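Working notes, beginning with the structure itself.
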Amino acid sequence: MKRQVYCSFILLSFVAKVSAQSEGVVYERNDSARVFAYSNEKSMPWCGGFNNPQFAMGDLNNDGKTDLVVFERLSYQVKTFINTGTGGNPVYVYAPKYALNFPAIRVYLKLEDYDRDGTADLMEHGSQGVNVYKGYFNANNELCFTFRQELKYSNDLSTVPPVGVNVNGADIPAIVDVDNDGDLDIVSYNSLGNELYYYKNDQVEQSLSPDTMAIKLRDKCWGKISQNTQYRTHIMHYSCEAENSTLLPKGYRHGSNGVCLFDADGDGDYDILDGNGSFSDIQFLQNGRVQNGGRDSMVYQDTTWQRTGVQAHMPQYPVAFWLDINQDGKKDLLISPHAEGGSENYKCVLYYKNTGTVASPVYTYQSDSLIVEQTIDAGTGSYPMLYDYDKDGKPDLIVGSDGYYQPNGTLKSKLQYYKNTSVPGHISFALQDANFANIFALNLSGAAPAVGDLDNDGKDDLVLGQSAGTLTFFPNTAASAAVQPQWSAFWALKDYNNLLVNAGNKAAPFIYDLNKDGKNDLIIGNESGQLVYYENVGSGPGQLKLQLKTSQLGNIAIDPGYLYANAVPYIGKMDNTGTDYILCGSASGRLYRFDGFQGGNTAITYPMTDNRYSYIDTAYAMQPGYTNNINQRSSPAVADIDGDGKYDMILGNTFGGLTIYKQVINVAFSANLTAGNNHEVKVYPNPAKDMLYFSWTSSFAQGTVEIYLYSTTGQKILQHTATAQELSVALPIHDIAAGTYFCEFQSGTNRVVTPVSIYR
């Protein structure tokens, strides 16, 4: 609770600094927008991409079907997908609202039914190794969790009891019924990372309630194997101390491990797929329990599994997951990278389908990008742009990125082009070219796109920003501005002194007539969180002349305190007011909005109107309590995509994916708009647990009073309508997950938005 109070205080202070021009919640998520690729509809296009996915399965909406949960370790993001298919033919559709019911997750996430009541329970790292949460369905048939226990044991005399089950900081344990007695046990590497510890659950033996786990350390050398940092090969038939020994196991520190226990041969014991941080492949060890008198002991190993099939290879730290992903009644294997960086960022889900039977499984390689192919995923660090490329009057979607991982460890970029096939009220895109303009052949590291006429010939040119700070210029050689652009020629962009334009790392360009002289200028965001301004000083058609005016336009500096701030600008209209603003993405995932530039003065400070515009954050599933400096990234593009008169926003993020938002309110020109609490409305207690109380003054109410509760994604969690005369209302919140939310009061033209924390 102290952590939640602290976060609430920080956020309240943060929001209170926002000017009274802040508009509150203007955009909400719009995951109904459809995307097609070669006539096939993508089932999860706007889920935000994948880099280091972990996989778990359970029924999220109480419909009897098994759904999919993906956890991204490096951002603490939980992503949830509802199964809309049939038995043996699942279709996983992105449904982010279910992720809001998960607690803070650290390191790993597992869904297992530990109490055997038919509802998925949750295990995660916690502070020491394993926290257990009991699963239940709320009144809306959504899977929720309540904390049950942190697993500890007291039978090891070498430690001061009780001590938590050990799971190293970047490890993944196996949580399965090792001894086939009906309850779940745990196998995890010891603190040195050499031997496997077996933690037996004695719930059944002690006839305890199923709603508990009674853990004892039973074996400090489970499987009779050991491994050190130098070799893929495990030492088998390893002799270690007896159960409950007071001696610690010997050996060299091995590092991080992800343990997957699975039955590779259908003989009823658990074999091992052992991923670790030292190697790019995964090791298989076969259990010989039958041959060894019922004692788990590994008798065969394949150090580069599959030696006789398609080898499971990830550049760094592959880990395996055993689950029935295709729901045909037989468990399959998924393998993904668990590394902190420098690993595969698109082909990051290896799928080995069980093409045999349960009794005689055969794991056959199927794909290197399972589920990723159902998303819009551009590798790492995506940059969307909305531009009418085919000149049909509708803005198309072009997506660039920092790049796709290459075998030599570098990132290599390309562009994707999606044609806008929307009709009013229904957004849709269709992939036309996955390597648009053949950018991949240019070996660019970084391709942040911007379009506009820079050489003053009346036709829109293309500029790509590179990760090292330089830019590539593609002049439009089409016959006229009325036809589809031709961007084939290219060269490194230089200024009028013939010096390379270099804005600093992570160059993110935007083309806009900033000084109002009738010629488009170049504004470039960079890693330092600033905007670099090059003025267009060309004097005639076809002249490309850019002059550096300032390296900190408007004195803008986003994400103070971040080592890498990654400013990504969009400049233009974004709501019904018809006003142009500077909207700036950031490393934190927040959106910053700036005013005061519309008159063309480029030498003044531009006031910030929002430091979290519409309370949108690409860290949309960031779990409560985390205020770290993780690079989430947000890259905005705004336009009326479907021609319905409302603006839409697409955001890129650090995972190479996209999220999409829809303008849901008209901004009031004369609204009494306040960020944070004021004397006219109150929300209490803050933080809250089971009930929230809302009150307002008679001067605030102009007819009915609408009360909304939004997540940091802009997703509406709660809505209530009250009469002006009520002046107060109490609403239950016990089914809402812990975290920070935004409460909005709206009555006539009066609107107040204030943050509130919920704890469990």
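All of these numbers come straight from a predicted model, not from anything done at the bench. Residues: numbered from 1 along the sequence shown.
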- Message: Using side-chain contact (heavy atoms from CB on, under 4.5 Å), reason through Ile172 and Phe321 one step at a time and then give a plain yes or no.
- Response: CA-CA 10 Å; Ile172 300 178; Phe321 303 89; 4.3 Å; yes
- Query: Can you name the residues that form a side-chain contact (heavy atoms from CB on, under 4.5 Å) with Glu142, not counting sequence neighbours?
  - Reply: Lys97, Tyr98, Asn101, Asn138, Asn140
- Query: What are the two closest heavy atoms between Pro395 and Ala639, and how far apart are they?
  - Reply: CG-CB, 4.0 Å
- Partner set under ring-ring contact (aromatic ring centres under 6.0 Å, His included) for Tyr418, not counting sequence neighbours: none
- Do Tyr592 and Asp559 have side-chain N/O donor and acceptor atoms under 3.5 Å apart? yes
- Has the side chain of Glu124 got a donor or acceptor atom that lies under 3.5 Å from a matching backbone atom of Arg106? yes
- Item | Evaluation steps, side-chain contact (heavy atoms from CB on, under 4.5 Å), between Ile523 and Ile582 | CA-CA 11 Å; Ile523 301 95; Ile582 296 175; over 6 Å; no
- For Thr410, the side-chain contact (heavy atoms from CB on, under 4.5 Å) test, sequence neighbours excluded, returns Gln406, Asn408
- Item | Atom pair CG/CH2 of Asp31 and Trp46 - distance to nearest 0.5 Å | 9.5 Å
- Task: Find the distance between CD (Glu344) and OH (Tyr405) and round it off to the nearest 0.5 Å.
- Result: 7.5 Å
- Note on the structure: Thr605 meets the side-chain hydrogen bond (donor to acceptor under 3.5 Å, both in side chains) criterion, sequence neighbours left out, with Asn555
- Query: How would you list, by chain and number, every residue that makes a ring-ring contact (aromatic ring centres under 6.0 Å, His included) with Tyr570, sequence neighbours excluded?
  - Reply: Phe510
- Message: Phe71 and side chain to side chain contact (heavy atoms under 4.5 Å, CB included): which single residue from Asn52, Val78, Val107 fits?
- Response: Val78
- Task: Go through the structure and list residues passing side-chain hydrogen bond (donor to acceptor under 3.5 Å, both in side chains) with Lys347, not counting sequence neighbours.
- Result: none
- Query: Do Tyr710 and Glu28 have side-chain N/O donor and acceptor atoms under 3.5 Å apart?
  - Reply: yes
- Query: Okay, side chain of Ser336, backbone of Pro53: is any donor-acceptor separation there less than 3.5 Å?
  - Reply: yes
- Message: Is it the case that the side chain of Glu72 and the backbone of Asn51 share a donor-acceptor pair, with hydrogens and angles ignored and the cut-off at 3.5 Å?
- Response: yes
- Message: Under the rule for side-chain contact (heavy atoms from CB on, under 4.5 Å), what residues qualify as partners of Lys506, not counting sequence neighbours?
- Response: Tyr383, Asp402, Ser467, Glu527, Asn566, Arg633
- Item | Sidechain-backbone polar pair: Arg73 side chain, Gln54 backbone, donor-acceptor under 3.5 Å | no
- Query: In a check of side chain to side chain contact (heavy atoms under 4.5 Å, CB included) between Met649 and each of Ile616, Ile641, Ile660, which one passes?
  - Reply: Ile616
- Could you verify whether a donor N or O on one side chain and an acceptor N or O on the other, from Asn576 and Lys646, lie under 3.5 Å apart? no
- Query: Who are the side-chain hydrogen bond (donor to acceptor under 3.5 Å, both in side chains) partners of Ser369, not counting sequence neighbours?
  - Reply: none
- Task: Check Ser382 against Gly652 and note the closest heavy-atom contact, atom names and distance.
- Result: OG-CA, 3.2 Å
- Query: How close do Pro449 and Leu462 get, heavy atom to heavy atom, and via which atoms?
  - Reply: CB-CD1, 4.3 Å
- Correct closest heavy-atom pair for Ser757 and Thr740 would be OG-OG1, 3.7 Å
- Message: For Tyr133 together with Phe145, are the ring centres under 6.0 Å from each other?
- Response: no
- Query: Quick one: salt bridge (charged side-chain N to carboxylate O under 4.0 Å, His left out) pairs with a partner in residues 650-665, sequence neighbours left out?
  - Reply: Asp642-Lys662, Asp644-Lys662, Asp648-Lys662
- Main-chain N/O of Ala95 paired to Thr80 side chain as donor or acceptor, under 3.5 Å: yes
- Message: side-chain contact (heavy atoms from CB on, under 4.5 Å) for Tyr741 and Leu718? Distances and angles first, verdict last.
- Response: CA-CA 11 Å; Tyr741 297 85; Leu718 178 151; over 6 Å; no
- Item | Which residues share a side-chain contact (heavy atoms from CB on, under 4.5 Å) with Thr579, sequence neighbours left out | Thr577, Tyr581, Gln598
- Taking only residues two or more places apart in sequence, or in another chain, which ones meet Thr375 in a side-chain hydrogen bond (donor to acceptor under 3.5 Å, both in side chains)? none
- Task: Write down the atom of Asp575, the atom of Arg593, and the distance for their closest heavy-atom approach.
- Result: OD2-NH1, 4.1 Å
- Main-chain N/O of Ser445 paired to Gln466 side chain as donor or acceptor, under 3.5 Å: no
- Task: Give the intermediate values and the outcome of side-chain contact (heavy atoms from CB on, under 4.5 Å) for residues Ser343 and Tyr317.
- Result: CA-CA 8 Å; Ser343 193; Tyr317 197 176; over 6 Å; no
- Task: Can you label the angle between the Phe81 ring and the Phe50 ring as parallel, tilted or perpendicular, going by 30° and 60°?
- Result: tilted
- Rounded to the nearest 0.5 Å, what's the gap from CG on Leu709 to CD1 on Ile733? Could you check? 8.0 Å
- Note on the structure: Sorted by chain and number, sequence neighbours left out, ring-ring contact (aromatic ring centres under 6.0 Å, His included) with Tyr404 holds for Tyr346
